[in-house]
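What follows is one structure encoded as structure tokens, with my remarks underneath.
In this text, all values refer to a predicted model and were calculated from it rather than measured experimentally. Values below: every heavy atom of this structure, side chains too, minus hydrogens, waters and symmetry copies.
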Amino acid sequence: MENAFDYTLEKAGLDDLDTVLYLLKDASKWLKTKGLQQWDYYLTDMEGNLKEISDSIKKGSTYLLLIENRAVGTLTLENSPNEWDCELWGSDADEDVCMYLHRLVVDREWRGKGLGDICLDWAESYCQENGYEKIRFDCLHSNKRLNQYYQRRFPLKETVHIHGVHNKYEKIVAEPRKSGD
């Protein structure tokens with residue numbers, strides 16, 4: 001898909017924390033209007049989630065999608081599984097060849113303009129360029145529209161019943177490493 005926007009993806013700094021939080025809260029409010037509970041904890045318990053978000057920024061794992069110097073999206077791409085990933089992926093989370101995608105959101109004003117695809121394309125390229133074989137993420141099973149969007153380009157690996165029902169996605173983005181590499 002050709003894109004008509006000049007954009008950059010840059011690492012978020014701690015001075016961008018409020019911007020990241022705004023994007024997450026705004027998406028949470030919108031999801032709630034659609035009758036979805038996905039990310040409602042950003043509305044009910046942001047304080048309890050703040051450390052994970054700020055830690056990801058400190059580690060250099062959170063990025064902002066910028067158009068004309070305005071943050072219109074964010075995503076987090078972790079090179080190691082967090083507690084949730086370990087619970088969701090079980091013993092597979094021990095693989096060191098995976099990156100975990102979290103908190104991908106595009107500002108509602110920019111909905112339908114292909115920015116989610118830009119972020120996903122970038123995440124896949126980032127994984128390839130940095131020697132990771134797979135990209136993984138999950139989505140609430142009840143968010144049918146988002147799952148349909150993801151399934152256009154990512155294989156559904158499994159649906160699991162852990163803290164609700166979640167769909168797990170995993171895509172091989174690079175050839176497996178040879179031993180000794």
Side-chain angles (χ1 to χ4, degrees), residues 1 3 9 11-12 20 23-24 27-28 30-32 34-42 45 48-49 52-53 55-57 59-65 73-106 111-112 114-179 181:
M1 175 168 150
N3 193 302
L9 266 145
K11 284 186 181 180
V20 172
L23 289 166
L24 292 170
S28 303
W30 181 79
L31 288 165
K32 189 173 183 174
K34 300 295 179 193
L36 298 168
Q37 280 76 41
Q38 186 163 340
W39 288 0
D40 59 352
Y41 44 83
Y42 291 136
D45 186 24
N49 290 280
E52 180 181 3
I53 296 166
D55 284 351
S56 291
I57 291 173
K59 288 189 294 187
S61 301
T62 298
Y63 296 84
L64 290 173
L65 175 64
T74 184
L75 65 94
T76 297
L77 198 55
E78 301 279 359
N79 63 1
S80 61
N82 63 22
E83 186 178 320
W84 169 248
D85 296 321
C86 289
E87 190 169 354
L88 193 67
W89 293 90
S91 62
D92 287 346
D94 292 338
E95 297 179 16
D96 65 352
V97 296
C98 301
M99 292 210 75
Y100 294 86
L101 178 65
H102 295 283
R103 297 185 292 278
L104 169 61
V105 64
V106 172
R111 179 177 171 245
L115 301 186
D117 287 332
I118 287 172
C119 290
L120 292 170
D121 290 344
W122 179 86
E124 286 184 53
S125 294
Y126 183 91
C127 291
Q128 291 168 343
E129 292 165 8
N130 289 280
Y132 291 90
E133 295 171 18
K134 301 173 187 175
I135 186 168
R136 290 179 173 163
F137 60 95
D138 68 279
C139 179
L140 270 177
H141 179 75
S142 60
N143 193 335
K144 301 294 184 201
R145 193 166 181 188
L146 187 56
N147 279 286
Q148 289 171 347
Y149 170 74
Y150 286 143
Q151 288 173 27
R152 287 184 311 145
R153 61 186 292 158
F154 292 96
L156 174 63
K157 182 163 179 86
E158 181 181 18
T159 299
V160 295
H161 296 262
I162 299 174
H163 303 291
V165 184
H166 292 82
N167 288 343
K168 295 176 7 180
Y169 293 91
E170 176 182 88
K171 184 175 183 181
I172 297 172
V173 295
E175 293 297 317
R177 299 177 193 167
K178 295 182 172 121
S179 55
D181 285 352

Subject >> Worked verdict on E124 versus K134 for salt bridge (charged side-chain N to carboxylate O under 4.0 Å, His left out) >> reply: CA-CA 8 Å; E124 286 184 53; K134 301 173 187 175; over 6 Å; no
Original post:
When you check the gap from the basic side-chain N to the acidic O, do R153 and D121 get nearer than 4.0 Å?
Top reply: yes
Original post:
Under 30°, 30 to 60°, or over 60°: which ring-plane class applies to Y150 and F154, parallel, tilted or perpendicular?
Top reply: perpendicular
Original post:
Do V105 and L75 touch side chain to side chain, with heavy atoms closer than 4.5 Å?
Top reply: no
Original post:
Regarding K11 and the six-membered ring of Y63, is the cationic atom NZ or CZ under 6.0 Å from the ring centre and inside 45° of its axis?
Top reply: no
Original post:
Given side chains that start at C-beta, do those of Y149 and D117 come closer than 4.5 Å, heavy atoms only?
Top reply: yes
**OP:** Give a yes or no answer on whether the side chain of S61 reaches the backbone of E78 with a donor-acceptor pair at less than 3.5 Å.
**Re:** no
Subject >> From CA spacing to verdict: side-chain hydrogen bond (donor to acceptor under 3.5 Å, both in side chains), W84, D138 >> reply: CA-CA 10 Å; W84 169 248; D138 68 279; 3.1 Å; yes
Original post:
Side chains of E87 and H163: do they bring a donor and an acceptor to under 3.5 Å?
Top reply: yes
Original post:
T62 versus L77: any side-chain heavy-atom pair under 4.5 Å?
Top reply: no
**OP:** Check the pair E95 / R136 against salt bridge (charged side-chain N to carboxylate O under 4.0 Å, His left out), numbers first and verdict last.
**Re:** CA-CA 11 Å; E95 297 179 16; R136 290 179 173 163; 3.2 Å; yes
**OP:** For the residue pair K157 and W89, establish whether any side-chain heavy-atom pair is separated by less than 4.5 Å.
**Re:** yes
Original post:
Any side-chain donor paired with an acceptor under 3.5 Å for Y169 and N147?
Top reply: yes
Original post:
Using the benzene-type ring in the case of Trp, are the ring centres of Y132 and Y126 under 6.0 Å apart?
Top reply: no
**OP:** Give a yes or no answer on whether the side chain of D40 reaches the backbone of L36 with a donor-acceptor pair at less than 3.5 Å.
**Re:** no
Original post:
So, the side chain of D85 versus the backbone of N82: is there a donor-acceptor pair under 3.5 Å, distance only?
Top reply: yes
Original post:
Between K168 and L88, is there a donor-acceptor pair closer than 3.5 Å when you use the side chain of the first and the backbone of the second?
Top reply: yes
Subject >> L24 and R103, any side-chain heavy atoms less than 4.5 Å apart >> reply: yes
**OP:** Would you sort out whether S28 and W30 count as a side chain to side chain contact (heavy atoms under 4.5 Å, CB included), showing the intermediate values?
**Re:** CA-CA 5 Å; S28 303; W30 181 79; over 6 Å; no
Original post:
Do other residues, nucleotides or ligands put more than 12 heavy atoms under 6.0 Å from the NZ atom of K59?
Top reply: yes
Original post:
Is there side-chain contact between Q37 and S142, with heavy atoms separated by less than 4.5 Å?
Top reply: no
Original post:
Are S56 and T76 close enough that a side-chain donor and a side-chain acceptor fall under 3.5 Å?
Top reply: no
**OP:** Return yes when atom CD1 of I172 has more than 12 non-hydrogen atoms of other residues, nucleotides or ligands closer than 6.0 Å, and no otherwise.
**Re:** no
